[in-house]
Amino acid sequence: MSSIVLFGGTFDPIHIGHLIIAEHVKESIGAGKITFLPTGVPPHKKGVSSSIHRLKMVELAISDNPSFEVSTYELKQKGTNYTYRTVKHFSTKTDQLYFFAGADSLVDLPNWRNPMGILNHCKMIIARRNDIDFQNVFQKFDAENFVMVDTPIVGLSSTEVRKRVAANKSCKYILHPKVEQYIEKEELYIG
């Protein structure tokens, strides 16, 4: 069995920054595939777009990269999703499971549901960022549970994309063209 890298996120919408970072993570740890894992009902976010739209946008964004795939596992779960359940599920499918999420999310790992359960089933990949201090995380958990990866700093966020769409501003070079077309066709994020 080969390693699996789960890239969790709301992806509301997925943007070029997600794709750039995923490619760097794949290359950095020598993974064959990156599995994008759109969250179902994230416990910490409100007002998220429908899972149908978020899944479709991920499918469109990764459609031209054979190293990327998407899993609907969390989208099919009922109720609130917790990462420890997800990594437990995927850990039965591989000898080495990695979980990657944004640095701003991982810095809050001590407050996630059952963080030790997560780390018992996978290693967390952390994109090194100078503006985020992970000492709090490293002091609470064994450093061997983490893999630090250097990725380019891409100053994009889904929040920014939604604001630009709502303000009728261009998202060219921020979104994959197919995702941009889908947002326009489905009239997502407009006021």
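We use all heavy atoms of the structure for the numbers below, so side chains are in, but hydrogens, waters and symmetry mates are not.
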task = Any chance you could lay out the side chain to side chain contact (heavy atoms under 4.5 Å, CB included) test for Ile126 and Val149, step after step, and finish with the verdict?
result = CA-CA 6 Å; Ile126 297 176; Val149 174; over 6 Å; no

inquiry  = With a 3.5 Å distance limit and no angle check, can you tell me whether Asn65 reaches the backbone of Ile62 through a side-chain donor-acceptor pair?
reply    = no

ask   = Do the charged groups of Glu23 and Lys26 touch, with an N to O distance under 4.0 Å?
value = yes

request  = Working to the nearest 0.5 Å, report the span between OG1 of Thr159 and CZ of Arg164.
outcome  = 13.5 Å

task = Report yes or no: does Asp108 contribute a side-chain atom to a donor-acceptor pair with the main-chain N or O of Asn111 at less than 3.5 Å?
result = no

key: Interatomic spacing from CZ in Arg162 to CD in Glu160 - rounded to 0.5 Å   = 11.0 Å

request  = Please step through side chain to side chain contact (heavy atoms under 4.5 Å, CB included) for the pair Met124 and Leu119, ending with a clear verdict.
outcome  = CA-CA 7 Å; Met124 304 293 282; Leu119 297 174; 3.4 Å; yes

query = Are side-chain heavy atoms of His18 and Phe7 found at a separation under 4.5 Å?
reply = yes

ask   = In terms of hydrophobic clusters joined by side-chain contacts under 4.5 Å, are Val70 and Val25 together?
value = yes

request  = Keeping the roles fixed (side chain from Thr94, backbone from Leu97), state whether a donor-acceptor pair exists under 3.5 Å.
outcome  = no

note = Tightest non-hydrogen contact, residues Met57 and Val179, listed as O-CG2, 3.4 Å

request  = Measure the CG-OG distance between Leu55 and Ser49 for me, rounded to the nearest 0.5 Å.
outcome  = 13.0 Å

request  = Verify, without hydrogens or angle tests, whether His121 (side chain) and Ile118 (backbone) share a donor-acceptor contact under 3.5 angstrom.
outcome  = no

ask   = Taking all atoms of both residues into account, what is the closest heavy-atom pair of Asp12 and Ser158, and its distance?
value = O-CB, 3.5 Å

message = Using the rule given for side chain to side chain contact (heavy atoms under 4.5 Å, CB included), can you reason through Asp64 versus His176, listing the C-alpha separation, both sets of side-chain angles and the distance that settles it, and then say yes or no?
response = CA-CA 10 Å; Asp64 53 4; His176 187 289; 3.3 Å; yes

ask   = When rounded to the nearest 0.5 angstrom, what distance separates OG in Ser3 from CG in Asp95?
value = 9.5 Å

task = Calculate, to the nearest 0.5 Å, the distance between atoms CG and NZ belonging to Asn145 and Lys140 respectively.
result = 15.0 Å

message = Between Val147 and Phe99, is there shared hydrophobic-cluster membership here, with clusters defined by ILVMFWY side-chain heavy atoms closer than 4.5 Å?
response = no

inquiry  = Applying ring pair (Phe, Tyr, Trp, His ring centres under 6.0 Å) as the test, list every pair that has at least one member in residues 52-77; sequence neighbours left out.
reply    = Phe36-Phe68, His53-Tyr182, Tyr73-His89, Tyr73-Phe90

Leu109 reachable from Leu37 in the ILVMFWY side-chain graph, under 4.5 Å edges = yes

request  = Answer yes or no: is there a side-chain heavy-atom contact under 4.5 Å between Cys171 and Val165?
outcome  = yes

task = Taking the six-membered ring of Tyr82 (Phe, Tyr or Trp), confirm whether the NZ or CZ of Arg113 is under 6.0 Å from its centre and within 45° of its axis.
result = yes

request  = Indicate the atoms forming the closest heavy-atom contact of Ile14 with Ala61, along with that distance.
outcome  = CG2-CB, 3.7 Å

message = If hydrophobic clusters are built from ILVMFWY residues whose side chains come within less than 4.5 Å, do Val161 and Leu19 share one?
response = yes

inquiry  = Just to verify, what does Ile20 make a side-chain contact (heavy atoms from CB on, under 4.5 Å) with, not counting sequence neighbours?
reply    = Ile16, His24, Pro152, Val154

task = Find out if a path of hydrophobic residues (ILVMFWY) with successive side-chain heavy-atom gaps under 4.5 Å connects Met148 to Leu6.
result = yes

note = When every non-hydrogen atom of His15 is compared with those of Ile174, the smallest separation belongs to CB-O, 3.4 Å

key: Sidechain-backbone polar pair: Arg54 side chain, Pro38 backbone, donor-acceptor under 3.5 Å   = no

ask   = Are any side-chain N or O atoms of Ser63 and backbone N or O atoms of Leu60, one a donor and one an acceptor, separated by less than 3.5 Å?
value = yes

ask   = Measuring from Asp142:CG to Met116:CE, what's the distance to the nearest 0.5 Å?
value = 8.0 Å

Close side-chain approach of Ile183 to Pro13, heavy-atom, < 4.5 Å = yes

key: Evaluation steps, side chain to side chain contact (heavy atoms under 4.5 Å, CB included), between Phe146 and Phe141   = CA-CA 9 Å; Phe146 302 94; Phe141 307 105; 3.8 Å; yes

query = Can you check whether Ser67 reaches Lys33 side chain to side chain, under 4.5 Å on heavy atoms?
reply = no

ask   = For Glu27, does the CD atom have more than 12 heavy-atom neighbours from other residues, nucleotides or ligands under 6.0 Å away?
value = yes

ask   = Does Lys56 reach the main-chain N or O of Ser51 with its side chain, forming a donor-acceptor pair under 3.5 Å?
value = no

query = For the residue pair Leu156 and Gly17, what are the closest heavy atoms and their distance?
reply = CD1-N, 3.8 Å

ask   = So, for Phe100 and Ile125, which heavy atoms are closest and what is the spacing to 0.1 Å?
value = CD1-O, 3.3 Å

message = What I want to check is whether the side chains of Thr39 and Glu74 have a donor and an acceptor closer together than 3.5 Å.
response = no

